[in-house]
Amino acid sequence: MPKLKNSGLLKPFFLLFALPALFACTPAFIGAESDGLYSSLQPPVEIKANPPLKLLNYGRLLDMLQADELLGPNVVMNYAVFSDTEQGPVTKHAHAIITSLDAGWEFEPVEHNMNVISSGASGQGPYRWTTQLLFVPAAEDWMSDLWKANGRDTPKVWLAKRWTATPLPDTRFVAEYREEMPQCLMKAPYDGQNARGMTAYDMVKNLMLPMELANCGSALRDFEARADQSFTFARPDGTRPEAPALAKKLVKPQTIVRGNKLLGDVRLRDLFPLRF
């Protein structure tokens, strides 16, 4: 068989087809491991809960998000749920979620909505995280529904700290730690007004605490200190993650997921942005 005179020209074409084949052999892994969630997306990350929190459930949720009052994209949420006890009322809750959107959709920037007390930023592990201290009513909250479906009571209102990272426009990581709302904030946050005509929730959000709520400043600081110890965000060391070993998984509630409340808002991606 005659040799090709310019066989060197074939090398770029060989690499062009060989490289996709090489990367196709190592698909991204996203899912639960022994004590948290793992993602091999670049850069990879592990979201682990720290003791006394322990993994009590994990799985995947399918939901259709809302976008400007319209039906948005389908989304698959890989999640892990943690608590410090396996029986009785749930007073400490944590969860982690890793998810990606359908093609053509992207997450909107994290907003300072009406339930947020304060916002910040944190550089932990390989990502930059947006942090929020917020109220989470148990009504229409899928995580609260999960506990109730398994015979465990939850607070009517949670105080939570949420970490959100968006490494790609269509990919989002969320970690959240919750405890029962401090009693000093439960005097009138949802069902009453004080003499100024402002709810306790409004005053906390605007840092306008009256004398009877002055002790909530330390309660919020103490809560945030505990929240900051609840998760570890780390770059994996390259070893294969171990599968969770749970004797029994929790029963999923037969309620609407309402993924926007867990993940944030989405929008159609502008494929042809105007440039001036």
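Worth knowing before you read on, the calculation uses all heavy atoms, side chains too, and leaves out hydrogens, waters and symmetry mates. All residue numbers in this chain count up from 1 along the given sequence.
- Between the side chains of His93 and Trp147, at least one donor-acceptor pair of N or O atoms lies under 3.5 Å.
- For Gln132, there are no side chain to side chain donor-acceptor pair (under 3.5 Å) partners two or more places apart in sequence or in a different chain.
- Nearest heavy-atom pair across Glu176 and Arg162 is OE1-NE, 2.5 Å.
- Between the CD atom of Gln124 and the CD1 atom of Ile47 there is a distance of 10.5 Å, given to the nearest 0.5 Å.
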Check step by step if side-chain contact (heavy atoms from CB on, under 4.5 Å) holds for Leu56 and Val81.
CA-CA 6 Å; Leu56 294 184; Val81 175; 5.6 Å; no
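- The cluster map of Ile, Leu, Val, Met, Phe, Trp and Tyr, joined by side-chain heavy atoms under 4.5 Å apart, puts Leu250 and Leu262 in the same cluster.
- Considering only residues two or more places apart in sequence or on other chains, Trp105 meets the ring pair (Phe, Tyr, Trp, His ring centres under 6.0 Å) condition with none of them.
- Within a 6.0 Å sphere centred on CG of Leu62, heavy atoms belonging to other residues, nucleotides or ligands number more than 12.
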Apply side-chain hydrogen bond (donor to acceptor under 3.5 Å, both in side chains) to the pair Arg172 and Thr99, showing each step before the final yes or no.
CA-CA 6 Å; Arg172 177 157 285 181; Thr99 189; over 6 Å; no
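- Cluster membership check: Phe107 shares its hydrophobic cluster with Leu268, using side-chain heavy-atom separations under 4.5 Å among Ile, Leu, Val, Met, Phe, Trp and Tyr.
- Counted within 6.0 Å of CZ on Arg267, heavy atoms from surrounding residues, nucleotides or ligands total more than 12; the atom is thus considered enclosed.
- Residues Asp170 and Arg269 meet the side-chain proximity criterion, which asks for heavy atoms closer than 4.5 Å.
- Remark: Tyr177 pairs with Phe223 by the ring pair (Phe, Tyr, Trp, His ring centres under 6.0 Å) rule, at least two apart or across chains.
- The closest side-chain heavy-atom distance from Arg178 to Met143 is below 4.5 Å.
- Atom-to-atom distance recorded for Leu133:CG and Arg221:CZ is 12.0 Å, nearest 0.5 angstrom.
- Among Trp142, Tyr58, Phe173, the one residue that satisfies the ring-ring contact (aromatic ring centres under 6.0 Å, His included) test with Tyr79 is Trp142.
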